[in-house]
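Remarks on the structure that follows.
These figures come from a predicted structure and were not determined experimentally.
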Amino acid sequence: QVQVVESGGGLVQPAGSLRLSCVVSGRLLSINDMAWFRQAPGKEREFVARISAGGGTYFADSVKGRFTISRDNSANTVYLQMNSLKSEDTAVYYCNADIRLFGGRVSNYWGEGTLVTVSS
């Protein structure tokens, strides 16, 4: 079984910072791309940031210059460092990962999400 678990969400003031973590565990060979998505109340889920197995990154325009994505391959963990937070960043943040299983097939997994609320 493969598990994807986010943590680090909570209440933070505007202009503040928060770091989210996502840990992947279970029977797997490797993890390819890892990404963060978010879904605000009443809105569609949207892409936030992606990092490849080799460390290449890509960000949504709305978070460029404010968010940083990184990964620790030894720990099967991806991080999202969020700085200069705005009320518009309030959302449930979801971790997404392409995981290579022992059979060689790559499967996509989602975490259950962690809530980030930016409010004064």
Side-chain angles (χ1 to χ4, degrees):
Q1 297 290 334
V2 174
Q3 292 82 40
V4 179
V5 181
E6 305 97 332
S7 63
L11 176 64
V12 63
Q13 295 184 5
S17 297
L18 203 63
R19 189 181 76 158
L20 306 182
S21 299
C22 172
V23 179
V24 178
S25 62
R27 287 174 49 83
L28 57 94
L29 285 175
S30 62
I31 305 173
N32 295 339
D33 286 6
M34 304 182 78
W36 289 94
F37 291 74
R38 67 186 182 186
Q39 187 167 18
K43 305 295 183 180
E44 297 292 327
R45 188 171 299 186
E46 66 175 351
F47 167 80
V48 176
R50 183 181 71 246
I51 184 168
S52 70
T57 60
Y58 180 76
F59 299 90
D61 289 341
S62 59
V63 305
K64 285 182 179 177
R66 300 188 299 121
F67 290 12
T68 300
I69 187 170
S70 61
R71 63 191 291 166
D72 182 346
N73 291 331
S74 298
N76 289 342
T77 302
V78 63
Y79 304 96
L80 185 68
Q81 178 66 48
M82 305 183 293
N83 300 321
S84 302
L85 283 163
K86 308 173 182 178
S87 60
E88 294 81 13
D89 296 316
T90 296
V92 176
Y93 284 71
Y94 296 91
C95 181
N96 180 261
D98 290 325
I99 301 172
R100 187 177 301 277
L101 306 177
F102 280 101
R105 183 180 302 276
V106 176
S107 297
N108 186 258
Y109 288 83
W110 289 93
E112 293 186 351
T114 184
L115 176 63
V116 173
T117 302
V118 184
S119 177
S120 59

Could you check K86 against D89 for salt bridge (Lys or Arg N to Asp or Glu O under 4.0 Å), going step by step and ending with a plain yes or no? CA-CA 5 Å; K86 308 173 182 178; D89 296 316; over 6 Å; no
For I69, which of V78, V63, V48 qualifies under side chain to side chain contact (heavy atoms under 4.5 Å, CB included)? V78
N108 side chain to I99 main-chain N or O, any donor-acceptor pair under 3.5 Å? no
Could you measure the distance from the CD atom of E6 to the CG atom of L80? Nearest 0.5 Å is fine. 11.0 Å
Counting only N and O atoms by type, is there a donor-acceptor contact under 3.5 Å from the side chain of R100 to the main-chain atoms of L29? no
Interatomic distance, CD1@I31 vs CD1@I51, rounded to 0.5 Å, equals 11.5 Å
Between G9 and V116, what is the shortest heavy-atom contact and its length? CA-CG2, 4.1 Å
I would like to know whether F67 and L85 meet side chain to side chain contact (heavy atoms under 4.5 Å, CB included); could you show each step before the answer? CA-CA 9 Å; F67 290 12; L85 283 163; 3.9 Å; yes
Main-chain N/O of T68 paired to Q81 side chain as donor or acceptor, under 3.5 Å: no
Should V12 and M82 be marked as a side chain to side chain contact (heavy atoms under 4.5 Å, CB included) after you check the CA-CA gap, both sets of side-chain angles, and the distance that decides it? CA-CA 11 Å; V12 63; M82 305 183 293; over 6 Å; no
From Y109 atom OH to N96 atom CG, the distance as rounded to the nearest 0.5 Å: 12.0 Å
Check for me, please, whether V4 and V106 land in the same ILVMFWY cluster - side-chain distances under 4.5 Å, paths through other members count. no
Going through the distances and angles, do N76 and S25 end up as a side chain to side chain contact (heavy atoms under 4.5 Å, CB included)? CA-CA 7 Å; N76 289 342; S25 62; over 6 Å; no
Are the side chain of E112 and the backbone of V5 linked by a donor-acceptor contact shorter than 3.5 Å? no
Qualifying ring-ring contact (aromatic ring centres under 6.0 Å, His included) pairs with a residue from residues 69-96, counting only residues at least two apart or across chains: none
If I compare all heavy atoms of L101 with all of S107, which pair ends up nearest, and what's the gap? CD1-OG, 3.8 Å
Does D33 offer a backbone N or O that forms a donor-acceptor pair with the side chain of R71 under 3.5 Å? no
S87 side chain vs V118 backbone, donor-acceptor pair below 3.5 Å: no
Minimum-distance pair of heavy atoms, taken over all atoms of S120 and P14: N-CD, 3.7 Å
How many angstroms lie between OH in Y58 and CZ in F47, if you round to the nearest 0.5 Å? 6.5 Å
Is atom NZ of K43 surrounded by more than 12 heavy atoms (other residues, nucleotides or ligands) closer than 6.0 Å? no
Candidate pair W36 and C95, rule side chain to side chain contact (heavy atoms under 4.5 Å, CB included), full reasoning: CA-CA 5 Å; W36 289 94; C95 181; 4.1 Å; yes
Quick check: do T90 and S119 have side-chain heavy atoms less than 4.5 Å from each other? no
Restricting to salt bridge (charged side-chain N to carboxylate O under 4.0 Å, His left out), what partner residues turn up for E46, sequence neighbours left out? R38
